Amino acid sequence: MSAIIDVLAKAALFSTLDEDALGTLCEEGRTINLDCRGHLFQVGERANAYYLMTSGVMRLYRPGLDGEDKVFQVVGEGDQVAETAMFAEPCIYPLSAEAESPCTLIRLPRHGLLNLVRAQPDFALRLLGEMSHRLYQAVNRLDQLTVTNAGQRVVMYLLELTEWRREHWVVLPVSAKVLARQLNVTPETLSRLLTRFRQSGLISGRGRKWAVVDPPELCRAANLPLPDAQCHCAGSQFFRCCNFSHRSCS
C-alpha cells in the first residue's frame with residue numbers, strides 16, 4: 001500500500017492530503033496492468049472503483065448506433081478515470097474504457113472516496129472544482145464540434161497540443177483513426193487536411209509526430225482568428241477566451 005500512497009501523493013487532486021487520508025483512499029487499492037486494446041470497463045457495468053493512470057493512453061467511448069465508436073475523451077499518465085461516476089445512483093459506468101497502448105493504473109474503491117468526501121469538506125470542494133473543470137472542457141469540446149468545420153477542429157486540436165510554441169514538436173496521443181473519431185471527421189478527411197497543411201509549410205511531420213511551424217498562417221488557412229499579442233492563452237483556450245473574434249482577451 002505504501003507504493004500506492006506514494007503515487008497518489010504526487011497526483012494533483014490528492015497532493016494536499018495527509019498520509020491518513022491517502023490511506024483511506026488506498027484501502028483495498030491495487031495496481032493493474034492492461035494490454036493494448038484491453039478493456040478496463042464497459043458502458044453500463046456497475047461502477048465499484050475509479051482509477052488513476054500511471055502510464056499509457058486510454059480512450060473513453062460509447063458505441064454508436066451506426067456501429068462507429070463515439071470517442072469522448074482520451075486520458076493518459078496522471079489522469080483520473082471514472083471518479084465522477086462514483087457519485088451517481090445507480091452507480092454505473094457511462095462510457096467504455098479501452099487501452100490505446102499498454103497501460104498501468106491504480107484501482108481505487110468507491111467507498112474510500114465517499115468516506116473521505118464525507119470526512120473532509122475541503123477535499124470535497126477540491127474534487128468539485130476538478131469536476132467543474134471537466135464539465136467546462138466537455139462543453140468546449142461540444143462547442144468546437146458543433147460550430148466549427150473539420151479543418152478548424154483539426155487546427156484547434158494541433159494548437160492546443162503545441163500551446164502556440166513555434167517549432168514545438170508533439171506526439172499525437174492516439175492513432176489517426178481514434179483522433180478522427182474524436183474530432184468527428186473521417187480518417188480520410190483528417191489525412192487530407194494534415195497533408196494539405198504540411199504541403200503548405202504550415203505544419204511539419206508525419207504519422208503521430210507533428211509541429212506547428214506557423215500558427216498565424218495556419219489560423220488564416222482554417223479561417224480562424226489570429227492570436228493576439230496580448231493574449232497569453234494556449235491552443236483552444238485562446239479561441240474560448242477570445243470567443244472567435246479578433247479582440248484581445250486582456
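Just so you know, these numbers come straight off a predicted model, no measurement behind them.
A side-chain donor from one of S96 and Q42 sits under 3.5 Å from a side-chain acceptor of the other.
Side-chain atoms of S200 come within 3.5 Å of backbone atoms of R196 as a donor-acceptor pair (strictly under, hydrogens ignored). Under the 3.5 Å distance criterion, the side-chain polar atoms of T104 are left unmatched by any main-chain donor or acceptor of S55. The backbone N or O of N184 lies less than 3.5 Å from a partner atom in the side chain of R153, making a donor-acceptor pair.
When side chains are defined from C-beta on, M58 counts as touching L105, because their heavy atoms get closer than 4.5 Å. Between L25 and L17, the closest side-chain pair of non-hydrogen atoms falls below 4.5 Å. Taking the side chain as every heavy atom from C-beta outward, E98 and R37 approach each other to under 4.5 Å. Using a 4.5 Å cut-off on side-chain heavy atoms (C-beta onward), P102 and D35 make no contact. No side-chain heavy atom of I106 sits under 4.5 Å from any side-chain heavy atom of C26. Contact annotation: the side chain of N223 never approaches that of N149 to less than 4.5 Å [non-hydrogen atoms, C-beta and beyond]. Within the 4.5 Å cutoff, no side-chain heavy atoms of L108 are placed close to those of L113. Between V178 and Y61, the closest side-chain pair of non-hydrogen atoms is not below 4.5 Å.
L114 and L13 fall within the same hydrophobic cluster, defined by Ile, Leu, Val, Met, Phe, Trp and Tyr side-chain heavy atoms under 4.5 Å apart, directly or through other members. One hydrophobic cluster, built from ILVMFWY side chains closer than 4.5 Å, cannot hold both V43 and L60; they sit in different ones.
Between W169 and A211, the shortest heavy-atom contact is CD2-CB, 3.6 Å. Summarising the geometry of A88 relative to R110, their closest heavy-atom pair is O-NH2, 3.6 Å, with the distance given to 0.1 Å. In terms of heavy-atom proximity, M53 sits nearest to G76 at CB-O, 3.2 Å. Minimum interatomic distance between Y93 and A82 (heavy atoms only, all atoms of both residues): CE2-CB, 3.7 Å. The minimum heavy-atom distance between I203 and L194, with the atom names listed, is CD1-O, 3.6 Å. Closest non-hydrogen pair, Y50 versus P109, comes out as CE2-O, 3.7 Å.
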Quiz prompt | Candidate pair E45 and H39, rule side-chain contact (heavy atoms from CB on, under 4.5 Å), full reasoning | solution = CA-CA 12 Å; E45 288 183 358; H39 271 84; over 6 Å; no

Practice problem: For side-chain contact (heavy atoms from CB on, under 4.5 Å), just list the numbers for Q73 and L95, CA-CA rounded to whole Å, side-chain angles, deciding distance to a tenth of an Å, and then say yes or no. | Solution: CA-CA 10 Å; Q73 190 178 9; L95 301 171; 5.9 Å; no

Quiz prompt | side-chain contact (heavy atoms from CB on, under 4.5 Å) assessment of M131 paired with L135 | solution = CA-CA 6 Å; M131 291 180 178; L135 178 60; over 6 Å; no

Exercise. Run the numbers on L40 and I32 for side-chain contact (heavy atoms from CB on, under 4.5 Å), then give the verdict.
Key: CA-CA 10 Å; L40 185 63; I32 62 173; 3.5 Å; yes

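The CE atom of M156 sits 8.0 Å away from the CD atom of E160 when rounded to the nearest 0.5 Å. From L22, atom CG reaches atom CZ of F14 across 8.5 Å, with rounding to the nearest 0.5 Å. A distance of 8.0 Å separates OG1 of T16 from CG of D122, quoted to the nearest 0.5 Å. Y157 contributes atom OH, which lies 5.5 Å from atom CG of L172 (distance to the nearest 0.5 angstrom). Considering CD of E77 and CG of D79, their distance stands at 9.0 Å, rounded to 0.5 Å. Rounding to the nearest 0.5 Å gives a distance of 12.5 Å between CG of D214 and CZ of F197.
Taking the charged nitrogens against the carboxylate oxygens, E130 and R126 have no contact shorter than 4.0 Å, which rules out a salt bridge.
The environment of R206 atom CZ is sparse: at most 12 non-hydrogen atoms of other residues, nucleotides or ligands sit within 6.0 angstrom.
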